[in-house]
Structures are given as C-alpha cells and as structure tokens.
Amino acid sequence: MEIITEEEVRHVARLARLALSEEEVKKFQRQLEKILEYVAKLRELNLEGVEPTTHVIPVVNRLREDRGKESLSKEEALSNAPNTEKGHFRVPKVIE
Amino acid sequence: MDFEVMIGVEVHAQLLTKTKIFCGCSTNFGRNPNTQVCPICLGMPGVLPVLNQEAVELAIRAALALHCKILRRERFARKGYFYPDLPKGYQISQYEEPFAAEGILSFERNGNCKTIRIKRMNLEEDAGKLIHEEDRGSLVDFNRCGVPLLEIATEPDLTSPKDTHTFLAELRQILQYLEVSSGDMEKGHLRCEPNISLKKPGQSEWGTRTELKNLNSLKGVEKGLLFEIRRQKRLLESGQPIRQETLLWDEKREIALPMRVKEEAGDYRYFPEPDLVPLVIDEEWIERVKRSLPELPDDRKKRFVETYKIREQDAQTLTLTRRLADYFEEVVKIHSDFTLAANWIITEVLGILHEKNLSIGDLSVTPARLAGLFHLIQDETISKKMAKEIFVKMVESGKQADEIVRVQGGQIRDEAEVERIIEEVLKGNSEEKVRYQSGEVKLMGYFIGQVMKRTDGKANPRMVNEILRKMLEGNPQKSGVQKK
C-alpha cells in the first residue's frame with residue numbers, strides 16, 4: 001500500500017504554492033514514499049515513555065529583556081523589495 | 001420561530017510590551033510604515049527569534065486573572081500559511097500545548113451571574129498591516145508584524161449578542177486593569193472574532209458554525225452578531241444550507257459578507273518551532289507574578305460595597321477603570337463621607353469628564369482638592385448646590401475650592417444678616433405671610449425660594465428654614481427645627 005498518494009502530493013504542493021507537472025507529481029510521490037518508508041522504521045521500536053524530540057539540546061528559557069534595539073532604516077528595510085510605494089512594500093492583489 | 005443561539009469568541013489582545021515578541025523593534029502604534037522592522041520580524045534568512053520575557057509575564061498575569069491552568073513546560077509551533085502580511089510564510093504560535101487552559105470568567109448582567117469557560121490561551125506574534133487598493137494590488141506595512149498577541153478562546157457558552165458584549169467588556173476591563181493590554185478596539189489592540197451557530201428548540205444537532213471578523217467595537221460585535229443570527233435564521237427557516245465560512249463585518253453598511261471558505265486546521269501544517277527552545281514556567285515564577293497582581297475589578301467592587309457602604313451599582317461605576325477607582329480611594333482617604341464622595345464622583349466628576357471629553361488623568365482637580373471642596377460642604381461654608389458651581393470653576397480655572405470661595409464668598413451664616421433678609425422678604429410679601437399664618441403651610445417653600453433668590457443661593461438653608469419658622473410662627477419649640 002502507498003504511504004502517500006499522488007493526490008496528497010498535489011495537495012501538499014498546492015499548500016506550498018508549488019506548481020508541479022504530472023511527471024513531477026509521480027517523481028516526488030516515489031521519492032516521498034521512500035523517505036516516509038525510512039522514517040516508518042521507527043515504528044518497529046518500542047517508544048513507550050519516550051518524549052517526542054523537538055529539540056536536541058537540553059536548554060530551556062532563552063529569554064530577552066523587554067529592551068529596545070535599533071530597527072532598520074526604512075530605506076534598508078525596503079531595499080530588497082522589487083516594488084515599493086510610499087514607504088510600503090507593494091504586492092500583487094490578494095483579495096477578490 | 002425562536003432559535004437557540006450558541007456563541008464562542010476568539011480574542012486577540014496586543015500585549016503592552018515595549019518591544020516585539022521575538023526582536024527588539026518598538027511596538028509603538030501609528031509610526032511611519034516600515035520604520036519599526038528588523039531582519040528578525042521581516043523574516044530574513046538565518047535570523048533567530050528570542051522570546052521577550054515581559055510578554056510571558058503579561059500572559060501569566062492574564063492566565064491567573066482568568067483562573068487558567070498554566071502549562072509548566074511549553075513549546076511554540078509554526079502555523080504555515082501564505083499571505084503577504086506574514087513575511088516568514090508562517091506565524092509563530094502555540095498549538096499542541098497552549099500557554100494556559102481551562103479558565104473561567106464570570107460576569108453579571110441584569111442581576112444574572114454567568115460563567116464562561118476559557119478554553120485556551122496562546123502566545124503568538126501579530127502579522128503586518130495590509131492596505132488594499134482597488135485593482136492596483138496591496139501595500140504592506142510590517143511595523144505590527146511580531147507584536148506580541150495573547151489569543152484567548154472561549155468555549156461556546158455565550159447565548160446572546162448582549163451577553164457577548166458584556167463578556168467582552170468584562171474581559172477588556174480585566175486586561176486593562178492588569179495592564180496586560182490597552183484594550184483599544186478602534187486601534188485593533190483588541191480584536192474579537194465570534195463564532196456562532198443556531199438550533200431549533202428541541203433539536204439535538206447544532207447548525208453549521210460561522211465566524212465573524214472585522215468587528216472594531218463592542219457595539220459592532222453586538223450588531224454583527226444580530227445580523228448573523230437573522231441571516232442564519234432565514235436560511236434555516238427556508239431549508240437552505242449554511243456554509244462553514246468566515247464573514248467580514250462592514251461597519252458602514254451594517255452587513256456581513258463571506259470572506260473565504262475556511263481552511264481545515266490541518267492545512268496550517270503546525271509543527272514544533274525549532275528556533276525557540278522550550279519555555280518552562282515554574283511555581284516560583286507564577287508566585288512572583290501572583291504577588292504583583294493588582295486587585296481585580298470584581299474584587300474591588302465587592303470591597304467598595306463592604307468597606308465604604310456604598311450601593312453596588314455605584315461601586316460598579318467607580319471600578320469601571322482602575323484610575324477612577326484609585327481616584328475615589330484617594331479622595332476617601334482624606335474625606336470620610338464615602339457616600340458624598342461616591343455620588344459626587346459619579347455625577348459631577350464623570351459628568352464634566354464626559355462634557356469636556358477628558359479622562360480622569362487629565363483632571364486638574366486632584367483627589368486632595370476634591371476632598372478640600374467636600375470639607376467646605378461639611379463645615380457648611382458652602383451648600384451642595386454652590387459646591388457644584390465651584391467645582392466647575394475649579395476645573396476651568398485650576399484653582400482650589402477655598403481660593404474661589406474666598407473671592408466669591410461662601411454661605412451667609414451670620415444669623416443677624418439672614419434675619420434681616422428674611423424680614424425684608426416678609427415685608428414685601430405680607431399677603432403670603434397672612435395666608436401662611438392662617439394655615440397655608442406649603443408657602444414655606446415660597447419664602448425659602450425668595451430668600452435664596454435675594455442671596456444668590458448663598459444663604460445657609462438650614463438657618464433660613466429655622467429663622468423663617470421662628471419669625472412666622474413665633475414659637476421655635478413648635479417649629480420642630482431639625483439639626484442633623
């Protein structure tokens with residue numbers, strides 16, 4: 001049985017705003033299948049009582065004081081933008 | 001047909017920190033666009049967020065005030081979606097482990113006490129601001145991006161738009177009292193998104209739930225909900241389906257229009273935020289915050305009723321804001337006629353603030369000065385009526401009560417002087433005097449009025465009353481002079 005279907009590949013691609021050709025969908029389905037199969041090996045282990053690992057370093061509570069730092073200048077902030085106007089980033093229309 | 005209504009709310013409150021949640025950019029409102037941004041809040045590659053301690057403390061405050069259980073160990077999560085106001089392509093929020101959960105908020109409306117369950121509370125970052133322009137696309141300002149937000153979600157325990165209004169007012173008041181959030185809805189510092197569903201009485205299944213957005217005031221929340229209830233009713237009554245969707249409230253046209261089909265929660269592809277290490281909140285930290293909590297409005301209201309023996313309704317008004325409650329307490333520290341102070345602050349002080357569009361902090365009449373005015377009423381230097389005029393003069397001139405009284409004169413309390421004026425009045429109204437003496441006692445009010453007219457209201461009323469009776473009836477014992 002497949003772990004991931006072509007339909008799921010299309011769904012994930014759409015969420016990531018990737019346009020895949022039908023060939024690519026097939027190719028990535030096969031690759032993702034391999035990756036997921038490999039990870040599924042973990043299921044063979046007895047993991048009872050093992051906390052999910054989200055961080056590999058045993059550090060907690062890295063906090064900063066509520067003290068201000070200098071921000072970028074407006075010019076710097078906008079310098080990489082392909083399109084700007086009146087101090088704003090200009091983006092294509094997003095609502096209908 | 002009457003339907004049952006079920007409402008839950010999701011509130012986003014901006015936390016009153018000086019800087020953003022993960023970087024040192026300022027959170028000031030209303031600055032020039034894109035002047036409070038840095039590589040971290042702009043989502044540039046290779047940067048690392050560091051959590052603002054103050055944001056955590058403020059969230060702990062709110063959680064304690066709403067009786068929530070605070071998680072001892074928590075992680076942040078990435079919520080993935082693409083929108084131009086979100087430069088990273090994900091929002092850092094909390095998912096599997098909320099910041100706090102299972103709280104309650106009780107409030108009273110029309111004598112009924114209601115308790116609303118708080119489902120969860122999350123710490124997260126705000127997105128930027130978009131200005132949509134017809135046809136030409138959108139402009140983005142990232143100043144707000146990364147401002148700390150506290151998301152508070154209730155269980156669907158509210159049953160009417162009015163209840164929802166009261167609940168939100170109560171919640172806002174608590175957040176303001178605790179100095180957790182400014183609660184300013186017009187500025188978007190407090191945003192409320194209610195979800196709502198209906199069912200016919202007797203049916204077990206609730207109808208499809210919709211969500212309302214873009215409600216910029218408490219009034220707007222109420223109006224939007226009323227609109228949505230009517231809309232759902234019409235659909236249900238005509239047998240049409242209700243779509244699960246988000247509607248945008250249009251304040252000017254007073255209608256709500258569908259925004260977009262709601263995405264499934266799974267589509268956000270939440271996963272633990274690898275750039276932030278876990279947050280551990282121990283007992284000691286919680287205790288420290290607990291000790292720093294101010295008295296909450298409801299507790300303060302109860303204390304006001306017990307300590308100062310004032311009416312509950314008055315205590316409610318006086319505790320509307322922390323500053324007003326502080327003002328009242330400062331006054332009664334100096335002047336001990338609690339009822340006088342309560343009545344005065346509610347009618348005169350709030351009246352003039354309303355009239356002049358000021359807030360209590362702007363008032364030149366400090367609590368000590370207001371107490372000074374009350375002393376003059378108490379020792380009968382001035383009457384209550386005069387006090388009202390003097391108060392207005394105090395506000396307008398910035399002078400103290402006794403300065404004003406010294407110039408314009410206080411009450412006429414010299415017995416001979418009052419007697420002389422009354423004699424004149426009786427001489428000029430000899431006919432009324434005869435009528436009074438033959439039994440028409442209600443003319444007493446007329447005589448008092450005449451005396452007050454001649455003295456610009458400055459004659460001491462008790463003295464006028466006493467002397468008038470004596471002179472009209474010639475027998476002070478019979479006149480029943482009452483000394484208070």
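Below, chains carry the letters A, B, ... as their sequence lines are ordered, and counting in each starts from 1. No hydrogens, no waters, no symmetry mates; every other heavy atom, side chains included, goes into these values.
- Residue with the most contacts toward chain A among B:Phe22, B:Phe82, B:Phe271: B:Phe82 (heavy-atom pairs, distance under 4.5 Å).
- Contacts of A:Arg67 with chain B are made by backbone atoms alone, with heavy-atom separations under 4.5 Å and no side-chain atom involved.
- Per-residue heavy-atom pair counts under 4.5 Å with chain B were compared for A:Ile57, A:Thr54, A:Asn83, and the maximum is reached by A:Thr54.
- A 4.5 Å side-chain heavy-atom check between A:His11 and B:Asp267 finds at least one atom pair inside the cut-off.
- Most heavy-atom pairs under 4.5 Å with chain A, from the set B:Val280, B:Asn32, B:Leu130: that is B:Val280.
- A donor-acceptor contact closer than 3.5 angstrom links the side chains of B:Thr19 and A:Asp66.
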Test log, rule side chain to side chain contact (heavy atoms under 4.5 Å, CB included), inputs A:Glu85 and B:Arg136: CA-CA 11 Å; A:Glu85 194 178 316; B:Arg136 301 187 50 235; 3.1 Å; yes
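- Taking CG of A:Leu15 as the reference point, atom OH of B:Tyr81 lies at 14.0 Å (rounded to 0.5 Å).
- Most heavy-atom pairs under 4.5 Å with chain A: of the set B:Gly128, B:Pro272, B:Pro84, this distinction falls to B:Pro84.
- Distance check, rounded to the nearest 0.5 Å: CD1 of B:Ile131 to CZ of A:Arg90 gives 10.0 Å.
- One finds the CG atom of B:Leu48 at 9.5 Å from the CZ atom of A:Arg62 (value rounded to the nearest 0.5 Å).
- Using a 4.5 Å cut-off between heavy atoms, B:Glu133 contacts chain A through its side chain alone, with no backbone atom that close.
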Verdict with reasoning, A:Glu65 to B:Asn52, per side chain to side chain contact (heavy atoms under 4.5 Å, CB included): CA-CA 6 Å; A:Glu65 272 182 66; B:Asn52 184 341; over 6 Å; no
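- For chain B, the option among A:Ala16, A:Pro52, A:Ser73 with the highest count of heavy-atom pairs below 4.5 Å is A:Ala16.
- Between A:Val60 and B:Arg73, the shortest heavy-atom contact is CG1-NH1, 3.9 Å.
- With rounding to the nearest 0.5 angstrom, the OG atom of A:Ser71 is 7.0 Å from the NZ atom of B:Lys20.
- Using a 4.5 Å cut-off between heavy atoms, B:Ile21 contacts chain A through its backbone alone, with no side-chain atom that close.
- A distance of 9.5 Å separates CG of B:Leu139 from OG1 of A:Thr84, quoted to the nearest 0.5 Å.
- Atom CD of A:Glu70 has 12 or fewer heavy atoms from other residues, nucleotides or ligands within 6.0 Å.
- A:His55 places a side-chain N or O within donor-acceptor distance of the main-chain N or O of B:Glu273, the cut-off being under 3.5 Å.
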Residue pair A:Leu72, B:Leu42: steps toward the side chain to side chain contact (heavy atoms under 4.5 Å, CB included) verdict: CA-CA 10 Å; A:Leu72 294 175; B:Leu42 285 175; 4.0 Å; yes
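- Among the residues in residues 33-41 of chain B, those with a non-hydrogen atom closer than 4.5 angstrom to a non-hydrogen atom of chain A are B:Pro33, B:Asn34, B:Thr35, B:Gln36, B:Val37, B:Cys38, B:Pro39.
- Contacts of B:Leu279 with chain A are made by both backbone and side-chain atoms, with heavy-atom separations under 4.5 Å.
- Heavy-atom pairs under 4.5 Å with chain A peak, among B:Leu276, B:Val56, B:Asp141, at B:Leu276.
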